[in-house]
Visitor: 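Sending over a structure as structure tokens; questions will come in a sec.
As a basis for the values below, the full set of heavy atoms in this structure was taken, side chains included, without hydrogen atoms, waters or symmetry mates.
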Amino acid sequence: MRDSCVKITSIVIWSVIVIMMITAGCDEQPVSVGEGILPEEDFIEIDTLIVYAVESFSYEFPIVTSGAQNIFAGETSEHRIESIFRFTVPLTDRGITPDTVQNAEVFEASLILQPSYHLGDSAEVIPLYLHEVISGWSTADFNKHVYEGVSHKKEAFTETLTMLGDTNATIFTLPRDLMLKWAQLGDQSIISPGVIIRSDETANGVVGFHGRAGDHEPELRIIYGTEGAQDTLLFTQTVRAFAGYLKKDLDLQNNIVVQAGVSTRSVVQFDISEVPGGALIHNAELALTRNPEFSISHPEIGDSLFVHRLFDENKLTFDLTERARFSITETDTAVFYKALVGDFVQKWVTVEENKGFVLRDNSETLGLHRASFYTEATDNAAKRPRLKIIYSRM
């Protein structure tokens with residue numbers, strides 16, 4: 001009885017299959033396998049458009065550098081960078097009064113900086129100078145323009161030499177009269193304006209020192225007392241900022257240059273008018289080819305490039321929160337940067353005007369690395385900025 005039921009079930013199943021096959025074979029307009037059972041006119045047609053940049057350029061942007069990780073100083077043929085910083089605890093809070101500075105039989109003050117970064121040949125030795133700051137300054141929105149308004153003494157009050165790549169601390173000897181001035185300010189509950197550290201045109205490299213609190217933080221070390229007995233005090237809490245300058249003419253108007261530290265950003269624009277308005281964007285990829293002529297790499301601090309949607313090509317404003325990150329692919333012949341920008345293109349074909357992309361380095365305050373890319377003017381079309389768009393008409 002059970003075997004009979006199984007046989008009957010099998011016959012029914014095979015009969016259904018045969019009927020379905022016959023029906024499909026008799027259809028006047030059969031549908032291809034994998035396309036479903038929708039009528040042909042309802043299929044989504046997917047198109048691909050590849051366009052090349054119509055314009056690209058770069059511009060300098062005064063980045064906010066207050067709270068930077070490093071204290072930079074130095075010069076190369078392409079850059080100049082210098083830093084301003086101060087200790088945030090008044091000397092008087094730790095018992096270093098004007099009387100202490102004036103009357104101590106032994107009084108020594110040193111600034112100790114631990115290296116964390118260098119750009120240039122590790123065999124280079126560069127001079128470093130400290131200048132007294134004589135006007136107040138705030139870390140709020142501190143950038144290069146603010147730095148240029150800070151008053152400081154032209155003559156350095158101390159100097160030293162440092163070797164690029166050296167892991168040993170760089171030590172400055174600070175004069176007693178400067179410490180007296182800082183103690184007198186502390187008596188008035190005023191924090192000293194601090195110092196500026198810089199190099200000069202004889203330098204051929206840039207050094208960076210740890211700036212933030214931690215195991216390698218800057219130290220103001222004061223030793224005071226008598227010949228027979230001294231006390232040592234350490235001041236470590238600082239605020240800091242830097243100002244970087246581009247010395248080399250990179251022809252920013254005609255090049256794509258994304259420079260950290262200085263800093264420069266770039267605009268790349270595409271004509272996507274061939275994409276119909278209201279189209280559904282499945283994917284869009286922005287591809288750039290690195291130009292080694294203008295690029296500067298650093299062994300430890302790599303590029304961290306992002307692309308943003310430009311809101312206003314004149315004011316060069318954009319939303320920092322909405323961005324796409326570039327991935328980097330390196331071959332034997334070239335280095336490619338690619339970013340998925342489908343969400344940006346979708347807005348351009350539906351609700352916004354296409355004003356182009358802005359490229360920036362998310363590590364703008366970490367060093368002086370630089371990424372440059374071929375523009376639409378390069379003879380090799382394969383190296384030009386490219387936007388590949390996959391879309392469907394709606």
Side-chain angles (χ1 to χ4, degrees), residues 46-61 246 249-259 263-295 303 305-320 322-329 333-361 370-394:
I46 296 178
D47 292 319
T48 299
L49 175 67
I50 297 177
V51 293
Y52 294 91
V54 295
E55 183 182 22
S56 59
F57 61 90
S58 304
Y59 62 97
E60 284 198 55
F61 184 86
L246 190 62
D249 182 7
L250 297 178
D251 189 12
L252 296 179
Q253 189 60 36
N254 296 299
N255 285 292
I256 300 175
V257 178
V258 185
Q259 166 80 61
S263 150
T264 66
R265 296 171 177 174
S266 298
V267 172
V268 183
Q269 295 175 323
F270 295 85
D271 180 0
I272 61 168
S273 58
E274 291 185 47
V275 180
L280 174 62
I281 305 301
H282 299 286
N283 193 12
E285 180 186 74
L286 171 62
L288 306 171
T289 304
R290 189 178 176 105
N291 181 355
E293 180 182 356
F294 288 151
S295 297
D303 299 324
L305 267 58
F306 285 86
V307 56
H308 302 258
R309 195 171 77 263
L310 186 62
F311 291 158
D312 184 335
E313 65 268 28
N314 296 316
K315 296 180 180 179
L316 303 177
T317 56
F318 56 91
D319 185 356
L320 280 170
E322 189 174 3
R323 61 188 188 177
R325 184 166 191 165
F326 281 96
S327 61
I328 304 174
T329 303
T333 57
V335 180
F336 302 99
Y337 286 61
K338 296 181 179 180
L340 297 178
V341 292
D343 289 345
F344 298 170
V345 176
Q346 184 67 73
K347 288 184 173 66
W348 288 342
V349 299
T350 53
V351 295
E352 291 182 4
E353 183 182 350
N354 168 21
K355 291 185 171 64
F357 298 109
V358 172
L359 314 179
R360 62 176 285 273
D361 194 326
R370 182 169 69 220
S372 178
F373 303 96
Y374 291 101
T375 71
E376 70 283 356
T378 187
D379 292 335
N380 188 340
K383 294 181 177 179
R384 296 171 187 166
R386 183 188 70 188
L387 183 61
K388 180 179 180 181
I389 305 171
I390 301 174
Y391 68 95
S392 297
R393 299 172 185 270
M394 297 300 289

Visitor: Quick one: side chain to side chain contact (heavy atoms under 4.5 Å, CB included) partners of E274, sequence neighbours excluded?
Guide: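 Partners of E274 by the side chain to side chain contact (heavy atoms under 4.5 Å, CB included) criterion, ordered by chain and then number, come out as L49.
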
Visitor: Quick one: does any side-chain atom of T264 pair with a main-chain N or O of Q259 as donor and acceptor, under 3.5 Å?
Guide: yes

Visitor: Do any pairs count as a salt bridge (Lys or Arg N to Asp or Glu O under 4.0 Å) and have a residue in residues 379-392, sequence neighbours left out, and if so which ones?
Guide: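 Of all non-adjacent pairs touching residues 379-392, those that pass salt bridge (Lys or Arg N to Asp or Glu O under 4.0 Å) are E285-R386.
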
Visitor: Under 3.5 Å, side chain of S327 to main-chain N/O of K338, donor-acceptor pair present?
Guide: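 Such a contact is found between S327 side chain and K338 backbone.
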
Visitor: Apply the test side chain to side chain contact (heavy atoms under 4.5 Å, CB included) to residues N291 and T378: give CA-CA distance (whole Å), side-chain angles for both, the deciding distance (0.1 Å), then the verdict.
Guide: CA-CA 10 Å; N291 181 355; T378 187; over 6 Å; no

Visitor: Could you note down all residue pairs passing salt bridge (Lys or Arg N to Asp or Glu O under 4.0 Å) where residues 340-353 supplies at least one of them, sequence neighbours left out?
Guide: R309-E352, E322-K347, E353-K355

Visitor: For L320 versus H308, what's the shortest heavy-atom pair and its separation?
Guide: O-CE1, 3.4 Å

Visitor: Given V268 and L359, is the side chain to side chain contact (heavy atoms under 4.5 Å, CB included) satisfied, shown in steps?
Guide: CA-CA 8 Å; V268 183; L359 314 179; 4.0 Å; yes

Visitor: Would you please classify the geometry between the F61 ring and the Y59 ring as parallel, tilted or perpendicular, with 30° and 60° separating the classes?
Guide: perpendicular

Visitor: Mind running side chain to side chain contact (heavy atoms under 4.5 Å, CB included) on V345 and Y391 for me, showing each step along the way?
Guide: CA-CA 10 Å; V345 176; Y391 68 95; over 6 Å; no

Visitor: Within a strict 4.5 Å, meaning less than it, do heavy atoms of the L286 and F326 side chains meet?
Guide: yes

Visitor: How close do D271 and V51 get, heavy atom to heavy atom, and via which atoms?
Guide: O-CG1, 3.8 Å

Visitor: Could you walk me through whether L316 and V358 pass the side chain to side chain contact (heavy atoms under 4.5 Å, CB included) check?
Guide: CA-CA 8 Å; L316 303 177; V358 172; 5.7 Å; no

Visitor: Using atom types as modelled and distance alone, determine if a side-chain donor or acceptor of N354 lies under 3.5 Å from a backbone N or O of F270.
Guide: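 Side chain of N354 to backbone of F270, a donor-acceptor pair under 3.5 Å: yes, one is there.
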
Visitor: Which pairs pass salt bridge (Lys or Arg N to Asp or Glu O under 4.0 Å) with one or both residues in residues 46-59, sequence neighbours excluded?
Guide: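 Applying salt bridge (Lys or Arg N to Asp or Glu O under 4.0 Å) to every pair that reaches into residues 46-59, excluding sequence neighbours, yields D47-R393.
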
Visitor: Under 3.5 Å, is there a donor on one side chain and an acceptor on the other for S56 and E376?
Guide: yes

Visitor: Please find the pair of heavy atoms, one from A382 and one from T289, that lie closest to each other, and give the distance.
Guide: O-OG1, 4.0 Å

Visitor: Name all pairs fulfilling the ring-ring contact (aromatic ring centres under 6.0 Å, His included) condition that reach into residues 334-356, sequence neighbours left out, sorted by first residue then second.
Guide: Y337-F373, W348-F357

Visitor: Can you check whether N255 reaches E293 side chain to side chain, under 4.5 Å on heavy atoms?
Guide: no

Visitor: What distance do T317 atom OG1 and L310 atom CG have between them, rounded to the nearest 0.5 Å?
Guide: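 Those atoms lie 6.5 Å apart.
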
Visitor: Please report the closest heavy-atom contact between I281 and G342, naming both atoms and the distance.
Guide: CG2-O, 3.9 Å

Visitor: Quick one: side chain to side chain contact (heavy atoms under 4.5 Å, CB included) partners of S58, sequence neighbours excluded?
Guide: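 Counting only residues at least two positions away or on another chain, S58 forms a side chain to side chain contact (heavy atoms under 4.5 Å, CB included) with L252, V257, S266.
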
Visitor: Please check this pair: side chain of S372 against backbone of S295, looking for a donor-acceptor N/O pair closer than 3.5 Å.
Guide: no

Visitor: Could you pull out the closest heavy-atom pair between Y374 and R290, with the gap in Å?
Guide: CE1-O, 3.2 Å

Visitor: Report the distance from atom CD of E60 to atom CG of L250, rounding to the nearest 0.5 Å.
Guide: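 Reported value, rounded in 0.5 Å steps: 9.0 Å.
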
